[in-house]
Amino acid sequence: MNFTLEHTCAGSRARAGVLATGHGEVRTPIFMPVGTAASVKGVFHRDLADEVRAQIILANTYHLYLRPGVEVLEEAGGVHRFSSWQGPVLTDSGGFQVFSLAGVRKITEEGCRFASHIDGSKHLFTPESVVDTQRSIGADVMMAFDECPPGDSPRDYAARSLDLTHRWLERCFGRFAATTPKYGHSQALFPIVQGCTYPDLRARSAEFVQQFGAEGYAIGGLAVGEPAPVMYEMIELVNGILPADKPRYLMGVGTPVNLLEAIDRGVDMFDCVMPTRNGRNGMLFTSEGVINIRNEKWRNDFSPIDPAGCCFVDTVYTKAYLRHLAISGEMLAAQIASLHNLAFYLRLVETAREKILDGTFPAWKEQTIQKLSRRL
RNA sequence: GUGGUCAUAGCUCAGUCGGUUAGAGCGUCGGAUUGUGGUUCCGAAGGUCGCGGGUUCGAGCCCCGUUUUCCACC
């Protein structure tokens, strides 16, 4: 994997770059649609590539480990062949899912024991097992196994958690160095900076994670309840310490406004469930602002979903029809909304990249944020 | 026709011994959702308790009449 920093922008820390992977190039800044179970819910790969113009998607070690399981993935020849998605794939390690989805869990020095959210069966994730599983999945970018403490963790808990995450990180890279890819393409391992909202912990973590010579870095544990300005401060602080010549991935973020603010502070990669999950529940991000398509006011609105939209559903379907589908619980509603929202997100970061390259990002950002914040 | 039975929110139903402002689920309307369980959570609107009389300090509840639902018998 190779990252080329193409351009930075005066009056901002925003960057444009190219991330070269074994499954093609990714132009940054980039948003990665979330495809938890090796599926971006409700969206065909064809549409993901042609309409959304996604360049890389995210899948989950936790989910794929539980279903279909490592054995099936290995027999299939990895997640690319299994799913037929031929672009790059990044897998989350399961650290976050173990803490947000699984049932009873116990964290020890060894790793984390947890109960499956599917059938309650007991499992153990360790830094080593999680690297092994991601080797079997064949992700282009693997993530380190971390603990994601609650956003309101007291300082002593945050500090202990961070030390554990750092010890786990050493073990992740130990296993990473001792193993090789299984399917002929290279795999990178990104460490994750933690530290909650404590500046000294964040700084310590951003220093610590650099000792492994990783090919990219992630910022985790944000957008977990803290105010947005605090999140921006943490991003600024961490990005001031991380190496400039490697990609930076802000995990799990965020709203369109969050993306622009983070890009402005030097973030290159994002993922978030918001465009798909919120889309399934009727929330649409459009060039005019945010709309809840279930609202009664769209009942007789036969205008296109988004006249300025960039994918086919935006002009083929009307708001009234999409509202009808959403209210009726039709699966097509979820498909249309997911496709639209993802296309909107990808167009947003694509435009941000253009503005960085031509040096007009700061002004464009301010003016775009005004529009994106509107509720229609 | 006779005897019984039912009627409470848009729908399906609770409602204690007759006692404060008649409740729930679903639906409707609005809000939330940030490394995804097509999830979950929060809030609001919505009632002449079939109708008309009566008893009582007080009736969704008791009595009479009437209409309606369903059942049995003729």
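Here is how names work: the chains are called A, B, and so on, in the same order as the sequence lines, proteins then strands, and each is numbered from 1.
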Heavy atoms only, 4.0 Å cut-off, all strands: where does [X] land among base, sugar-phosphate and nothing?
X: A:Asn60; result: sugar-phosphate
X: A:Ile192; result: base
X: A:Glu226; result: nothing
X: A:Asn295; result: sugar-phosphate
X: A:Asp271; result: sugar-phosphate
X: A:Arg375; result: sugar-phosphate
X: A:Met143; result: nothing
X: A:Gly221; result: base

Give the nucleotide from the list [options] with an atom nearest to the side chain of [X].
X: A:Glu296; options: B:G35, B:C29, B:G38; answer: B:C29
X: A:Ala223; options: B:U34, B:G38, B:G31; answer: B:U34
X: A:Val273; options: B:C29, B:G35, B:G38; answer: B:G35

Just checking [X] against [Y], ring centres under 6.0 Å apart?
X: A:Tyr321; Y: A:Phe302; answer: no
X: A:Tyr217; Y: A:Phe190; answer: no
X: A:Tyr317; Y: A:His340; answer: no
X: A:Tyr62; Y: A:Phe96; answer: no

Measure from [atom1] on [X] to [atom2] on [N] and round the result to the nearest Å.
X: A:Ile293; N: B:U33; atom1: CD1; atom2: C1'; value: 18 Å
X: A:Ile57; N: B:G35; atom1: CD1; atom2: P; value: 16 Å
X: A:Gln335; N: B:G38; atom1: CD; atom2: C1'; value: 11 Å
X: A:Arg277; N: B:C41; atom1: CZ; atom2: C1'; value: 12 Å
X: A:Arg299; N: B:G30; atom1: CZ; atom2: P; value: 11 Å
X: A:Gln134; N: B:G35; atom1: CD; atom2: P; value: 17 Å
X: A:Met331; N: B:U39; atom1: CE; atom2: P; value: 13 Å
X: A:Asn278; N: B:G31; atom1: CG; atom2: P; value: 13 Å

query: Quick one: is A:Asn292 getting a side-chain N or O under 4.0 Å of the B:G31 phosphate, OP1 or OP2?
result: yes
message: Measuring to OP1 and OP2 of B:C29, would you say a side-chain N or O of A:Arg323 lies under 4.0 angstrom away?
response: yes
Within the modelled atom types, does a donor on one side and an acceptor on the other bring the side chain of [X] and the base of [N] under 3.5 Å apart?
X: A:Asp146; N: B:G35; answer: yes
X: A:Asn281; N: B:U39; answer: yes
X: A:Glu147; N: B:G35; answer: no

Between [N] and [M], how far apart are the two [atom1] atoms, rounded to whole Å?
N: B:G19; M: B:C61; atom1: P; value: 11 Å
N: B:C13; M: B:A7; atom1: C1'; value: 12 Å
N: B:G27; M: B:C41; atom1: P; value: 12 Å
N: B:G60; M: B:G50; atom1: C1'; value: 12 Å
N: B:G23; M: B:A14; atom1: C1'; value: 7 Å
N: B:A9; M: B:A22; atom1: C1'; value: 11 Å
N: B:C63; M: B:A45; atom1: C1'; value: 37 Å
N: B:U5; M: B:C11; atom1: P; value: 25 Å

- request: Please figure out whether A:His63 or A:Lys297 has its closest RNA chain B nucleotide nearer the 5' end.
  value: A:Lys297
statement: Of A:Met274 and A:Ile118, the one whose nearest nucleotide on RNA chain B sits closer to the 5' end is A:Met274
query: How far apart are the C-alpha atoms of A:Glu74 and A:Lys182, what are their side-chain angles, what is the distance that settles it, and do they pass the salt bridge (Lys or Arg N to Asp or Glu O under 4.0 Å) test?
result: CA-CA 9 Å; A:Glu74 289 194 344; A:Lys182 296 185 170 179; 2.6 Å; yes
task: Decide, yes or no, whether a salt bridge links A:Arg353 with A:Glu6 under the criterion of side-chain N to carboxylate O below 4.0 Å.
output: yes
- request: Report yes or no: do A:Glu147 and A:Ser161 form a side-chain donor-acceptor pair below 3.5 Å?
  value: yes
message: Under a plain distance cut-off of 3.5 Å, with no hydrogens placed, do A:Asp264 and A:Tyr232 share a side-chain donor-acceptor pair?
response: no
